There are 2 protein chains.
Amino acid sequence: MANIQQVAQKAGVSVATVSRVLNKNTTVSPKTKLKVENAIRELNYEPSMLGRNLRNSESRLLLVLIPSISNPFYTEIINGIEDTAVSNNYNILLCDTDSNPQRENIYFNLIKNKLADGIISMDPAVNMQKLNELAATHSIIQCSEYDENGCIPYVTIDNELAAYRAVKHLIQSGHKKIALINSDEKFLYARQRRQGYEKALKEFHLPIFNEWMITSQQLGFEDGQQAMRKLLQLNEKPTAVFAVSDTLAIGALREINANQLKAPNDIAVVGFDNISFSNMTNPTLTTISQPMYKMGCVAANMLIDKIKGKDVSSVILDHELVIRESTLG
Amino acid sequence: MANIQQVAQKAGVSVATVSRVLNKNTTVSPKTKLKVENAIRELNYEPSMLGRNLRNSESRLLLVLIPSISNPFYTEIINGIEDTAVSNNYNILLCDTDSNPQRENIYFNLIKNKLADGIISMDPAVNMQKLNELAATHSIIQCSEYDENGCIPYVTIDNELAAYRAVKHLIQSGHKKIALINSDEKFLYARQRRQGYEKALKEFHLPIFNEWMITSQQLGFEDGQQAMRKLLQLNEKPTAVFAVSDTLAIGALREINANQLKAPNDIAVVGFDNISFSNMTNPTLTTISQPMYKMGCVAANMLIDKIKGKDVSSVILDHELVIRESTLG
DNA sequence: TTGAAAGCGCTAACAT
DNA sequence: ATGTTAGCGCTTTCAA
């Protein structure tokens with residue numbers, strides 16, 4: 001592999017001139033430029049980012065922390081991040097933390113070691129204290145899940161309002177017994193969505209039963225199945241379920257089917273996220289649509305601004321209730 | 001951010017000694033070591049990988065090329081790659097090429113620029129010629145999809161045999177009219193799976209109708225729906241369908257449901273990949289299970305061996321037919 | 001056991 | 001318009 005020296009030698013110029021050509025500096029005469037370009041071609045030269053980055057102390061790499069690539073919710077967000085990053089001459093490093101602190105540390109080190117210029121964290125299980133510490137010296141943005149008390153800018157939706165609307169839709173469809181399949185309330189979004197759920201119930205003077213609020217530790221399909229199984233074992237069964245993620249809702253649907261019951265007639269189901277699967281289930285799933293692609297774009301733009309030293313402030317994006325078969329009698 | 005110089009100064013030693021401590025070189029006296037470690041702690045020093053990598057001309061980063069993170073098939077493979085990489089002190093850079101040559105180029109440049117030490121390509125749409133050229137000077141492994149005529153080591157399964165078994169299962173369940181929903185045959189796996197399909201039909205003296213072989217350009221759910229729609233419009237409708245990916249099969253199931261038909265009684269369906277969602281559909285999907293996690297581990301180990309300069313040869317892993325409701329009358 | 005110094009590939013300030 | 005040179009942070013050879 002050729003280096004800049006060899007190119008300079010071959011072109012009969014100095015390394016500085018080669019560097020100028022490389023960086024599209026205008027103060028190079030067309031003739032010299034041509035010579036250099038020929039030398040580059042002949043030697044098959046590719047500049048080393050390592051040298052360049054060391055010199056410029058930047059890597060033009062952005063870290064994206066996600067708890068698991070297997071949750072389709074993140075897919076579209078990442079597309080938004082990636083498109084925005086690439087058009088700003090950054091590349092992204094997808095980091096699947098598996099909500100594992102050890103892996104998390106590896107990725108935190110990457111930024112400490114100057115191998116990345118910034119982080120977009122989407123992991124609800126991230127160590128918030130460490131993240132806040134890191135944010136004091138590095139550029140960090142939170143996407144979707146965030147720390148209420150921290151000072152890291154974030155982009156998200158109004159989770160409480162979205163949950164409120166989802167539950168209100170169930171109530172207005174005639175349901176009075178509405179269950180909640182929630183995540184662990186150590187996560188902010190889980191607390192916010194429960195609040196929206198309770199707000200809707202209270203507004204319509206419906207009872208809030210602890211029995212009808214199931215907490216699921218994970219967001220897999222199986223976890224939704226399990227939660228639904230618990231609900232179906234109750235004496236007083238709900239007639240509708242609001243699940244805080246589509247994956248949980250899809251698992252719940254599956255369990256309803258497996259028990260020879262029908263959604264929405266026996267039990268109506270609403271999910272959250274509008275992942276692409278949610279339109280493939282039988283019945284198709286009513287859900288809250290988050291503007292995932294846009295969220296990714298906004299997050300990436302915020303991070304790039306932050307890296308440039310600009311002031312950035314948090315953003316709340318709109319959401320939408322998508323009504324499909326699982327709630328339409 | 002402190003650098004190695006400042007640590008050396010604070011500890012009252014030379015930078016060389018600090019480097020020795022950092023790299024666990026044994027020729028440092030315990031006393032000196034302690035001094036250095038204290039200085040590191042006090043200054044909150046983190047070594048810069050940029051400097052280290054420039055010097056060592058390695059990045060300890062592996063590139064993983066996938067056509068789209070939205071295909072769950074890749075999820076488990078990536079987990080395998082990541083676990084193996086991390087335990088060998090490498091990190092992975094997930095590269096979503098979107099089957100877009102321009103993005104592909106960005107990632108190829110990353111390795112040319114020394115920002116990555118090797119590539120695992122899982123993108124069937126990758127520019128094989130470029131990949132082969134790159135393989136002459138860099139470490140590259142192919143996973144799942146590969147180039148028959150190239151010289152890049154790969155890990156995959158026997159696609160023809162797997163498809164043969166899937167179709168044979170349909171035949172033995174009593175089906176005689178079996179359709180194929182395939183990918184574009186510019187992809188090797190599509191050609192191989194069609195061969196398996198035809199081999200099974202021939203073996204049982206069943207007719208091969210072009211009308212029953214649908215080619216889908218993409219692997220999304222909607223594409224499976226569309227393909228199924230075409231099949232349902234035929235005069236002579238098949239009674240069973242083999243789709244070369246679970247996502248296609250799930251779309252097909254959805255279309256069957258939407259037409260008030262039932263799988264498997266009206267039409268049986270077999271998929272390919274055993275993605276986690278395939279067990280959540282109604283009915284659950286019969287499919288070919290690929291050892292995805294293992295495939296990822298093997299690919300990562302092969303790549304790391306290759307980077308170390310060892311000789312590596314291609315690997316064919318086992319697969320399994322998972323029989324579920326969509327073929328069980 | 002430790003230090004001095006060269007050099008990895010590049011950019012930019014300064015000089016011409 | 002172009003060249004010279006210092007230096008980004010680190011590892012490693014050589015010398016002491």
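Predicted model, so just to flag it, every value in this text is computed and none were measured. Below, chain A is the first sequence line, B the second, and so on; all start at residue 1.
Listed nucleotides: D/dT2, D/dG3, C/dT11. Nearest to the side chain of A/A16: D/dG3. The side chain of B/R20 has C/dT2 as its nearest neighbour among C/dT2, C/dC10, D/dT11. Closest to the side chain of B/T32, from the set C/dT11, C/dT1, D/dT11, is C/dT1.
Take the nearest nucleotide of DNA chain C for B/K114 and for B/V13: the residue whose nucleotide is more 5' is B/V13.
Not a single donor-acceptor pair, N or O on each side, falls under 3.5 Å between the base of D/dG9 and the side chain of A/R55.
In this structure, B/V18 reaches neither bases nor backbone, as no heavy-atom distance under 4.0 Å exists between it and the strands shown. Within 4.0 Å of A/L50, counting heavy atoms only, lies no atom of the nucleic acid at all.
Checking B/N53 against B/E58 by side-chain atom types alone, no donor-acceptor pair falls below 3.5 Å. Side chains of B/N25 and B/T27: a donor-acceptor N/O pair is present below 3.5 angstrom, by distance only. With 3.5 Å as the limit, one finds no donor-acceptor pair spanning the side chains of A/N79 and A/E82.
At the phosphate of D/dC10, neither OP1 nor OP2 sits under 4.0 Å from any side-chain N or O atom of B/S48. Within the structure, a side-chain polar atom (N or O) of A/R52 is placed less than 4.0 Å from OP1 or OP2 of C/dT11. Side-chain nitrogen and oxygen atoms of A/N56 include none within less than 4.0 Å of the OP1 or OP2 phosphate oxygen of C/dC10. For B/N3 and D/dG9, the shortest distance from a side-chain N or O to OP1 or OP2 is below 4.0 Å. For the OP1/OP2 pair of D/dC8 and a distance below 4.0 Å, the side-chain nitrogens and oxygens of A/S57 include no atom meeting the criterion. Put simply, B/N23 has a side-chain N or O that comes within less than 4.0 Å of OP1 or OP2 on D/dT11.
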